[in-house]
Colleague: 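This structure is in structure tokens; I'll ask about it shortly.
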Amino acid sequence: MSGTTKIIIAAPPEFERVVANSGGIVAHMSYRIGHGFRLYRSQRASGIHGGLMVLDTDGFTGGGPLASLIADIISECGRRAFTGIIINAGASSASPTQISLSAALAKEAAKHDLAYFVPETLSETGDRTIVRISAAISGGTLNRRLADAIEKYGVDRLAIETERVRVDFTLPAMTGVGRELSNAEFRVLIDRYDPKSFFSPELMVNYFTYHNEHGTHFVLHDNAESLRRKLTAVSDAEIEHAFLFYPRVADIFGEIFATDNP
């Protein structure tokens, strides 16, 4: 990988020590908004310091004092020396309460010079929001995907989620939506069919096909090298931030950051 793209590693509290020495920025998946408009932190994350706050708003229903909740979030960032906030909306579309929260929090984050990362569903909640775009595609090209996102949001407002892909499509895949495979399911396919994998330079992901009683299947899957190529594409596009997700990449984590790889 080249360039100045900063790698953000999102990790639950039980894995934060593992990823802390990678050279990436740790995004602490330790916070959520609970009942009573309160900010909750995982008990396993009592000693965290530095990095970014990941705030789960999936269960946020509104109906309470928004100003005091936001003050708690900003105060926690100050106590923990966080440099930014990552909103996890947890749905294909944001709710009105999530939109209101994000708009108010975006203003406060800007006042305190905190980076503020949002999904595309919340991209309009502030002109300084950093919009998270997925690098996982099943058609077209990744370079075109990045170029379109830059044209839409501007390169300074982008962060790319380079999540590890393991998806099984039954052909013909008319909807372009496949079935996510667990690690165990993926290993069963490899052991049973011993398929030959190829690399797609357009999608920047590996693929193979296999046949069973349900028909022909097309499987997209990442390894360390394909993720490194995605990260290099992000860097070549001069996008400042890219995400990895732990423990999804636990078995290849060292390979991704190995400096002797091309």
Side-chain angles (χ1 to χ4, degrees), residues 1-11 19 22-29 50-55 82-89 92 94 102 105-106 109-110 113-165 167 199-206 220 222-246 248-249 252-253 255-259 261-262:
M1 291 174 286
S2 60
T4 58
T5 296
K6 300 171 184 174
I7 309 300
I8 299 170
I9 307 159
V19 303
S22 65
I25 302 168
V26 181
H28 305 278
M29 300 175 67
L52 302 166
M53 170 194 284
V54 179
L55 181 60
F82 294 151
T83 58
I85 302 167
I86 301 165
I87 291 291
N88 179 13
S92 58
S102 183
L105 190 52
D113 200 26
L114 294 168
Y116 188 62
F117 298 84
V118 300
E120 279 198 272
T121 54
L122 295 172
S123 61
E124 301 302 319
T125 56
D127 57 9
R128 291 181 57 183
T129 56
I130 302 172
V131 184
R132 306 196 317 267
I133 301 292
S134 175
I137 57 174
S138 57
T141 72
L142 180 57
N143 284 331
R144 183 71 260 167
R145 167 75 162 155
L146 298 180
D148 288 345
I150 291 171
E151 182 177 356
K152 183 175 182 179
Y153 296 110
V155 71
D156 295 333
R157 287 192 61 205
L158 277 180
I160 307 302
E161 296 185 336
T162 51
E163 63 265 49
R164 188 180 191 177
V165 172
V167 184
F199 178 75
S200 167
E202 293 81 20
L203 304 178
M204 295 191 188
V205 70
N206 303 304
L220 297 177
D222 277 310
N223 59 11
E225 180 57 26
S226 64
L227 287 173
R228 286 175 62 87
R229 292 199 187 193
K230 289 179 182 179
L231 291 169
T232 296
V234 173
S235 180
D236 289 346
E238 299 184 345
I239 297 170
E240 186 175 357
H241 299 96
F243 282 80
L244 289 172
F245 299 89
Y246 201 96
R248 184 74 169 170
V249 295
I252 56 175
F253 194 63
E255 294 179 64
I256 294 172
F257 288 92
T259 58
N261 282 340

Colleague: Can you name the closest pair of heavy atoms from Leu203 and Lys230 and give their distance?
Modeller: O-CE, 4.2 Å
Colleague: Taking the side chain from Arg132 and the backbone from Ile87, do they hold a donor-acceptor pair closer than 3.5 Å?
Modeller: yes
Colleague: I need the minimum non-hydrogen distance between Ala136 and Val165, along with the two atoms involved.
Modeller: CB-CG2, 3.7 Å
Colleague: Which atoms form the tightest heavy-atom contact between Val205 and Phe199, and what is the distance?
Modeller: N-CE1, 3.6 Å
Colleague: Between Leu146 and Ala233, which heavy-atom pair has the shortest distance, and what is it?
Modeller: CD1-O, 3.8 Å
Colleague: Using side-chain contact (heavy atoms from CB on, under 4.5 Å) as the criterion, point out the one residue from Val234, Leu158, Ile150, Ile239 that pairs with Ile133.
Modeller: Leu158
Colleague: Could you check whether Asp148 pairs with Lys152 (Lys NZ or Arg NE/NH1/NH2 to Asp/Glu carboxylate O, under 4.0 Å)?
Modeller: no
Colleague: So, Thr162 side chain and Phe243 main chain: donor-acceptor pair closer than 3.5 Å or not?
Modeller: yes
Colleague: Is there side-chain contact between Leu231 and Ile256, with at least one heavy-atom pair below 4.5 Å?
Modeller: yes
Colleague: Provide the closest heavy-atom pair for Ala89 versus Leu122 in the form atom of the first, atom of the second, distance.
Modeller: CB-CD1, 4.4 Å
Colleague: Test your reading of the model: is there a side-chain donor-acceptor pair from Arg164 to the backbone of Arg248, 3.5 Å cut-off?
Modeller: yes
Colleague: Using atom types as modelled and distance alone, determine if a side-chain donor or acceptor of Arg145 lies under 3.5 Å from a backbone N or O of Ser134.
Modeller: yes
Colleague: Ignoring hydrogens and geometry, is there a side-chain-to-backbone donor-acceptor pair from His28 to Gly50 under 3.5 Å?
Modeller: yes
Colleague: Do Thr129 and Arg157 come within less than 4.5 Å of each other through their side chains, counting heavy atoms only?
Modeller: yes
Colleague: Within the structure provided, determine whether Val19 and Leu244 are in side-chain contact (heavy-atom separation under 4.5 Å).
Modeller: no
Colleague: Indicate the atoms forming the closest heavy-atom contact of Gly84 with Leu114, along with that distance.
Modeller: N-CD2, 3.9 Å
Colleague: Could you check whether any side-chain heavy atom of Phe82 comes within less than 4.5 Å of a side-chain heavy atom of Leu52, counting everything from C-beta outward?
Modeller: no
